[in-house]
Amino acid sequence: MKVPLLDLKPQYSKIKSEVMSEIEAVCDSQVFILGPKVQELEAKIAEYCGAKYAVGVSSGTDALLIALMAEGVGHGDLVVTTPYSFFATVGVIARLGASPLFVDIDERTYNIDPAKLAERLKSLSKEQRSRLKAVIPVHLFGQCADMEPIIRIAREYGMKVIEDAAQAIGAEYEFSDGTVKKAGAMGDYGCFSFYPTKNLGAFGEGGMVTCNDDETYKRLKIFRNHGDVSRYAHRYVGGNFRLDALQAAILLIKLKYLDEWTEARIRNAGVYRELSKKDLIKIHFPLEKEKRHIYNQFVIKVRVGRDGLKQFLSEKGVGSEIYYPVPLHLQECFKSLKYGVGDLPVSENAALNTLALPVYPELKRDQISYVVDSLMLFDGSK
Ligand SMILES: *Cc1c(COP(=O)(O)O)cnc(C)c1O
């Protein structure tokens, strides 16, 4: 049996006629950049996430970049984040001349560990503290980072909170007072990606920044268009971070189905657990710690032999992927930051032991069953 890691075609065939007529409408309008479709998407995404505002941008990377730019992050500044994420999370910090300050992750959720965050910040000199600008927690694989302590600590140090919610649209977090919030509505900025493999994927590049503050919203819109405050009057050096109308029109259709698709992902994660009745010896399924994990990825931890398992699954026709094989603090381009092996051991361990399995909404039960059988064969528990 063939079980690909991700297959976007069944989803497309379901919405093809709707999508095609929307594409035709945008083409007929000949309005391709921003415009009414982008505004409509911004309003709907803000509403969906429970944020006051949303600003459509050119990618998830640019969503993070524009948030940092709107905060004036630049040379000499420090931005705190996790080393266990997609490169963009840290790339944007370095591109602005600021330095990432890495804090290790929680071994069960793979998200930045608030206790280690507090400890690391306490160890900084007064001079270093004065350079702290923001923290970027990543809601990795579709589960929210532990935002309550993160926000509290950020406020203590005068840092902005920029949520990297690229993998987490619709994920939820519960605060200790019982308040439930969605990813992107908790910090000062929420950054989303519409890369095709995300839960809400465009037919190309796209992203969104959410926020709740009026001034922040105004600044984001100015930065999106070269820092232009009125025709050809540039208050800041912004960029071309505009979202195009075709992507917005397609995303508006897909947004209607997002919760249905997300529920199917959550159900599939449950089927994995249900079908592997016996506890597997070498394999740990993901921990659902926060309120709503949206399973952009279903990532297992393999105690020994992760690369062997990947190879074994591949021979059985099962797709899998390693997210991410090299933690960011050990990337060649960050050599000058002088991090070494052993500095952030939980992230390094995750990079060695995790593996993403198929979880996309249209997976059939017998496909998951086949993956579980293959896992049990490898595990020695069958
Ligand atoms: C996908 C992703 C991004 C970047 O989004 P793009 O739209 O590809 O630029 C940033 N952070 C994380 C965690 C991501 O998964």
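We count ligands from 1, going down the list as the structure has it; atoms in each ligand are counted the same way.
- In terms of N/O distances under 3.5 Å, ligand 1 is approached by Gly60.
- By the criterion of a heavy-atom distance under 4.0 Å, the side chain of Val138, and not its backbone, is placed next to ligand 1.
- For the pair Asp379 (side chain) and Ile281 (backbone), a donor-acceptor distance under 3.5 Å is present.
- Looking at ligand 1, you won't find any N or O of Tyr195 less than 3.5 Å from one of its N or O atoms.
- With hydrogens and angles ignored, the 3.5 Å screen pairs a side-chain donor or acceptor of Thr89 with a backbone N or O of Phe86.
- Taking every heavy atom of Ala88 and a limit of under 4.0 angstrom, the matching atoms of ligand 1 come to 4 (C), 10 (C).
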request  = For Asp146 and Tyr173, run side chain to side chain donor-acceptor pair (under 3.5 Å): C-alpha distance rounded to whole Å, both residues' side-chain angles, the deciding distance at 0.1 Å, then the answer.
outcome  = CA-CA 8 Å; Asp146 192 358; Tyr173 178 85; 2.6 Å; yes

message = Does Glu71 form a side chain to side chain donor-acceptor pair (under 3.5 Å) with Tyr189? I'd like the steps, not just the answer.
response = CA-CA 10 Å; Glu71 283 304 321; Tyr189 299 83; 2.6 Å; yes

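- Considering only non-hydrogen protein atoms, atom 15 (O) of ligand 1 sits nearest to Gln167 NE2, 2.8 Å.
- Judged purely by distance below 3.5 Å, without hydrogens or angles, the side chains of Arg303 and Asn353 never pair a donor atom with an acceptor atom.
- Scanning all protein heavy atoms for the shortest distance to atom 14 (C) of ligand 1 gives Lys198 NZ, 3.1 Å.
- Regarding atom 7 (O) of ligand 1, its nearest protein heavy-atom neighbour is Ser193 OG, 2.6 Å.
- Polar contact with ligand 1: absent for Glu205 (N/O pair, distance under 3.5 Å).
- Remark: ligand 1 atoms within the under-4.0 Å shell around heavy atoms of Thr89 are 11 (N).
- In this structure, Asp228 contributes its side chain and Tyr232 its backbone to a donor-acceptor pair below 3.5 Å.
- Contacts between Thr61 and ligand 1 below 4.0 angstrom, taking non-hydrogen atoms only, involve backbone and side chain alike.
- Here the side chain of His139 pairs a donor or acceptor atom with the backbone of Ala145 at under 3.5 angstrom.
- The shortest N or O to N or O distance between Ser85 and ligand 1 is not below 3.5 Å.
- Below 30°, between 30° and 60°, or above 60°: for Phe298 and Tyr295 the angle between ring planes is between 30° and 60°, a tilted geometry.
- Considering backbone and side-chain atoms alike, Asp164 places an N or O below 3.5 Å from some N or O of ligand 1.
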